[in-house]
Amino acid sequence: MYLARKFLASLFPSPKKKLVFLVSGRGSNLGAVLENLKKGKIRGIPVQILTDNPEAPALEIAKKFEVPTKILDYKKYTDKNRYHEDLLKTLENLSPDLIVAAGYMRILRPEIIRTFKNRIINIHPSLLPAFPGLNAQKQAFEHGVKVSGCTAHFVDEGVDSGPIILQGIVKIDGNLTERELTLAILKEEHKILPLAVKYFCEGKLSIKDRKVTIL
C-alpha cells in the first residue's frame with residue numbers, strides 16, 4: 001500500500017505551497033531555505049519576504065534570490081497595534097500556505113497565530129523547552145549545559161512554546177566559547193529549518209496533542 005501511494009504521488013505531485021517569510025536580521029536561515037527551494041528540494045514558492053526592519057541584511061538575500069519584499073517599518077509606527085493590524089492584513093492578502101519566521105524578532109499577536117494556526121514555523125537556537133526567549137545560546141552557555149542545539153517548531157500563543165517539529169543537537173566541550181557555540185547551533189539551524197519546511201510542503205507533518213509526527 002505504501003509503495004502504491006508513493007508511486008501515485010510521483011505521478012500526481014501535490015501543488016507547490018505558497019511560502020511567506022518573516023525576517024528582522026541577517027537572514028542566514030532565510031538563505032538556507034531559499035537555497036533549498038532554488039534547488040527544488042522543497043515543493044514551495046516564495047511569494048514574499050516581510051520585514052519590520054528596513055536595514056535588515058536579509059533584504060539583500062531576498063534580492064539575490066529575486067523574491068519580492070515588503071517593509072513594515074516597526075519604528076515608524078507610533079501606534080504599535082497598527083503595525084500588527086497591517087501585518088495581519090498583509091498576510092491575509094498574500095494567503096500563504098505556510099509562514100516561516102526566519103529570525104523574526106517580534107512576538108506575533110494571537111489574532112495572527114489563530115488565523116494561521118499550525119501554519120507558522122519558527123526556528124529557535126536552543127533545545128526547547130529549555131531556554132526560550134532571547135539570548136538562548138548565552139543562557140545555555142552560562143548554565144554550563146553539556147548539550148545544546150536548535151528547534152524548529154510551530155508557533156502558538158506562548159513564547160517558543162509551540163509543538164516541536166525537529167531538533168538539531170550540538171555537544172558542548174569545556175573548550176567551546178560562546179561564539180563558537182552560537183555558530184555551531186546556527187549550522188544546525190540551516191539544516192533543520194529547510195527540512196521542517198520541506199516536510200510541511202509535502203504534507204508529512206501531523207499534530208495531535210502537541211506532538212508532531214513526521215509521516
Answer yes or no: does atom [atom1] of [X] have more than 12 heavy-atom neighbours from other residues, nucleotides or ligands under 6.0 Å?
X    : atom1 : answer
I169 : CD1   : no
I71  : CD1   : yes
R106 : CZ    : yes

Taking [X] for its side chain and [Y] for its backbone only, find out whether a donor-acceptor pair lies under 3.5 Å.
X    : Y    : value
H124 : F131 : yes
E157 : R109 : no
E66  : K63  : no
K80  : Y74  : yes
D97  : K18  : yes
D160 : G133 : yes
T151 : L128 : yes
R119 : P96  : yes
T51  : V23  : yes
N29  : A102 : no

Just verifying a value: how many Å separate [X] [atom1] and [Y] [atom2], rounded to the nearest 0.5 Å?
X    : Y    : atom1 : atom2 : answer
L34  : K39  : CG    : NZ    : 12.5 Å
Y104 : I99  : OH    : CD1   : 10.0 Å
I107 : I112 : CD1   : CD1   : 12.0 Å
K117 : T115 : NZ    : OG1   : 12.0 Å
R179 : T177 : CZ    : OG1   : 8.5 Å
L181 : L176 : CG    : CG    : 5.5 Å

**Q.** Derivation and outcome, side-chain contact (heavy atoms from CB on, under 4.5 Å), residues Y199 and L166
**A.** CA-CA 10 Å; Y199 287 154; L166 292 169; 4.2 Å; yes
Heavy atoms, side chains only, cut-off 4.5 Å: are [X] and [Y] in contact?
X    : Y    : answer
H190 : L193 : no
K187 : L183 : no
E111 : L88  : yes
F154 : L205 : yes
Q48  : T90  : yes
R43  : K17  : no
I120 : L98  : no
I121 : V155 : no

Where do [X] and [Y] come nearest, in terms of heavy atoms and distance?
X    : Y    : answer
A152 : I192 : N-CD1, 3.6 Å
C201 : G44  : SG-CA, 4.4 Å
A62  : I49  : CB-CD1, 3.3 Å
A140 : S148 : CB-OG, 3.8 Å
D52  : S24  : OD1-OG, 2.8 Å
G25  : A56  : O-CB, 3.5 Å

Q) With respect to V197, which candidate in I165, I123, V100 satisfies the side-chain contact (heavy atoms from CB on, under 4.5 Å) definition? A) V100
**Q.** Test log, rule side-chain contact (heavy atoms from CB on, under 4.5 Å), inputs T69 and L50
**A.** CA-CA 6 Å; T69 60; L50 302 175; over 6 Å; no
Single-linkage hydrophobic cluster, 4.5 Å side-chain cutoff, [X] and [Y] together:
X    : Y    : answer
L19  : L195 : yes
V20  : I45  : yes
Y83  : L91  : yes
L37  : L30  : yes
F200 : L22  : no

Q: Evaluate side-chain contact (heavy atoms from CB on, under 4.5 Å) for E178 paired with K138, printing each intermediate quantity in order.
A: CA-CA 7 Å; E178 183 184 333; K138 182 179 177 65; 3.4 Å; yes
**Q.** Worked verdict on L59 versus I61 for side-chain contact (heavy atoms from CB on, under 4.5 Å)
**A.** CA-CA 5 Å; L59 291 169; I61 293 176; over 6 Å; no
Any ion pair linking [Y] and [X] (charged N to carboxylate O, less than 4.0 Å)?
X    : Y    : answer
E35  : K38  : no
K89  : E92  : no
D156 : R210 : yes

Q | Test log, rule salt bridge (charged side-chain N to carboxylate O under 4.0 Å, His left out), inputs E60 and K64 | A | CA-CA 6 Å; E60 289 301 314; K64 173 186 173 183; over 6 Å; no
Q: Check the side chains of D86 and Y77 for a donor-acceptor pair under 3.5 angstrom, ignoring hydrogens and angles.
A: yes
